[in-house]
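Structure record follows, encoded as structure tokens.
Chain letters run A, B, ... following the sequence lines, proteins first, then strands; residues in each count from 1.
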2 protein chains.
Amino acid sequence: MQKTKRQQKIMSLVHARRIGTQQELTALLERAGFVATQSSVSRDLEELGVVKHNGHYTLPRATEGAAARGLLGLDPAGDCLVVAKCEPGLASAVAVAIDRAGIEEIVGTVAGEDTIFIAVPERKAQRAVIKKVLELFG
Amino acid sequence: MQKTKRQQKIMSLVHARRIGTQQELTALLERAGFVATQSSVSRDLEELGVVKHNGHYTLPRATEGAAARGLLGLDPAGDCLVVAKCEPGLASAVAVAIDRAGIEEIVGTVAGEDTIFIAVPERKAQRAVIKKVLELFG
DNA sequence: GCCCGTTATGCAGCAAACTTGCATAACGGG
DNA sequence: CCCGTTATGCAAGTTTGCTGCATAACGGGC
């Protein structure tokens with residue numbers, strides 16, 4: 001099974017260059033010896049949590065603006081959770097900001113010391129929420 | 001798949017009575033509606049970490065050690081959550097210990113008064129996390 | 001050492017889950 | 001409304017997991 005290695009390659013490619021389309025990424029993968037279709041690439045990006053931002057794919061890493069406000073990272077978990085990592089003690093403040101944004105896909109949030117659990121209805125909403133929260137803190 | 005339920009039954013049986021052999025346990029299981037061979041029971045005991053001590057099977061020291069440090073139980077919930085029950089007031093301390101362990105499958109944790117939610121990426125990771133946390137507190 | 005009761009394990013068969021490509025639907029900018 | 005791009009239902013092929021059978025390995029008692 002080459003899925004794992006292909007995804008690793010995708011991560012390094014996404015990190016190294018500005019990739020605008022899945023077709024482009026598919027071609028780069030093929031040049032690296034990983035033959036796959038756009039379907040698979042789409043699913044890989046989904047699993048890896050890579051999002052398209054400003055016209056190119058990028059790791060869902062919190063921006064400087066977000067870090068300045070306590071948000072360090074966002075990760076999907078299962079189908080219905082998004083986990084936000086925050087600087088110690090700031091999770092509640094970040095959660096309040098997220099709650100106030102009134103993002104429709106969010107069912108509810110729970111904040112601990114440095115972590116927030118954000119409940120969403122289903123997988124599709126995870127990416128939307130990650131994107132919107134990043135925008136909120138960008 | 002009845003493996004999980006069978007193992008739960010094994011745990012309750014081991015907790016409730018003095019069971020001296022796997023044959024005996026197999027018979028008790030069958031009486032409870034779980035038909036399985038000694039092979040499977042052997043593998044179950046291995047997975048559950050049940051050991052033979054003083055001539056009968058007993059729950060591993062790991063659990064006792066864990067209780068001494070505030071952790072009372074671990075249960076999967078849905079596909080992406082593991083719920084840890086703790087002694088009142090100790091959830092945060094237990095959560096800190098879990099966080100510090102740096103278990104790779106864990107996406108994030110949120111601690112309440114006596115309960116911790118542990119987010120994992122998917123179902124497969126639940127078992128791994130439960131096992132690793134138990135080892136941590138053993 | 002030799003039995004014999006007990007436990008562990010290699011192997012094969014079956015079932016469930018995963019991965020993938022194809023075709024096509026859904027989305028979104030212009 | 002188009003068209004480039006991305007997501008997804010479906011089916012085929014593959015992998016992984018669970019199980020029982022047969023049997024090997026272990027361990028206490030003699």
Contacts of A/Asp44 that satisfy salt bridge (charged side-chain N to carboxylate O under 4.0 Å, His left out) - sequence neighbours left out: A/Arg6
side-chain hydrogen bond (donor to acceptor under 3.5 Å, both in side chains) partners for A/Gln38, two or more places apart: A/Gln22
Grab the CD1-C1' distance between A/Ile10 and C/dT20 for me, whole Å please. 13 Å
Within the structure provided, determine whether B/Val14 and B/Leu48 are in side-chain contact (heavy-atom separation under 4.5 Å). no
Between A/Tyr57 and D/dT5, does any side-chain N or O lie under 4.0 Å from OP1 or OP2? no
Under the side-chain hydrogen bond (donor to acceptor under 3.5 Å, both in side chains) test, which residues partner B/Lys85, sequence neighbours left out? B/Thr115
Does B/Thr58 reach the side chain of B/Val51, with side-chain heavy atoms less than 4.5 Å apart? yes
Quick test: give all pairs of protein nitrogen or oxygen and nucleotides 21-24 of chain D nitrogen or oxygen below 3.5 Å, distance rounded to 0.1 Å.
from   : atom 1 : to      : atom 2 : distance (Å)
D/dC21 : N4     : B/Ser39 : OG     : 2.9
D/dA22 : N6     : B/Ser39 : OG     : 3.3

Helical bend (five base pairs per end, nearest 10°) for the helix from C/dG1-D/dC30 to C/dG30-D/dC1: 50°
What is the distance from NZ of B/Lys3 to P of C/dC14, rounded to the nearest Å? 20 Å
Using the rule that two of Ile, Leu, Val, Met, Phe, Trp, Tyr join whenever any of their side-chain heavy atoms come within less than 4.5 Å, decide whether A/Leu81 and A/Val110 are in one cluster. yes
Could you check how far CG of B/Asp44 sits from P of C/dT7, rounded to whole Å? 14 Å
Would you mind telling me which of D/dT6, C/dT7, D/dC18 lies closest to the side-chain atoms of A/Lys52? D/dT6
When you measure from every atom of DNA chain C, which of residues 19-26 of chain B have a heavy atom less than 4.0 Å away? B/Gly20, B/Thr21, B/Gln22, B/Gln23
Value in whole Å for how far the P atom of C/dC18 lies from CD of A/Glu47: 10 Å
Distance below 4.0 Å between A/Arg6 side-chain N/O and C/dT20 OP1 or OP2: yes
Touch class at under 4.0 angstrom, heavy-atom based, for A/Ser42 against every strand present: base
Is there a side-chain contact (heavy atoms from CB on, under 4.5 Å) between A/Thr37 and A/Thr26? Walk through the geometry before answering. CA-CA 7 Å; A/Thr37 60; A/Thr26 304; over 6 Å; no
Applying salt bridge (charged side-chain N to carboxylate O under 4.0 Å, His left out), can you list everything that pairs with B/Arg43, at least two apart in sequence or on another chain? none
B/Arg17 meets the side-chain hydrogen bond (donor to acceptor under 3.5 Å, both in side chains) criterion, sequence neighbours left out, with none
Side-chain donor/acceptor pairs under 3.5 Å, residues 92-103 of chain B, sequence neighbours excluded:
from    : atom 1 : to       : atom 2 : distance (Å)
B/Asp99 : OD1    : B/Thr109 : OG1    : 2.9
B/Asp99 : OD2    : B/Thr109 : OG1    : 3.3

Please report, to 0.1 Å, the donor-acceptor pairs under 3.5 Å made by any side chain of residues 28-36 of chain B, with sequence neighbours excluded.
none

Check the pair B/Val41 / B/Gln23 against side-chain contact (heavy atoms from CB on, under 4.5 Å), numbers first and verdict last. CA-CA 9 Å; B/Val41 171; B/Gln23 201 173 31; over 6 Å; no
Between atom NZ in A/Lys5 and atom P in C/dT20, what is the gap in whole Å? 14 Å
Any residue in residues 28-36 of chain A with a heavy atom nearer than 4.0 angstrom to DNA chain C? Just list them by number, or reply none. A/Val35, A/Ala36
Here the gap from B/Ser42 atom OG to B/Glu47 atom CD, rounded to the nearest 0.5 Å, amounts to 10.5 Å
Can you measure A/Glu46 atom CD to D/dG9 atom P for me and round it to whole angstrom units? 12 Å
By side-chain hydrogen bond (donor to acceptor under 3.5 Å, both in side chains), which residues pair with A/Lys9, not counting sequence neighbours? none
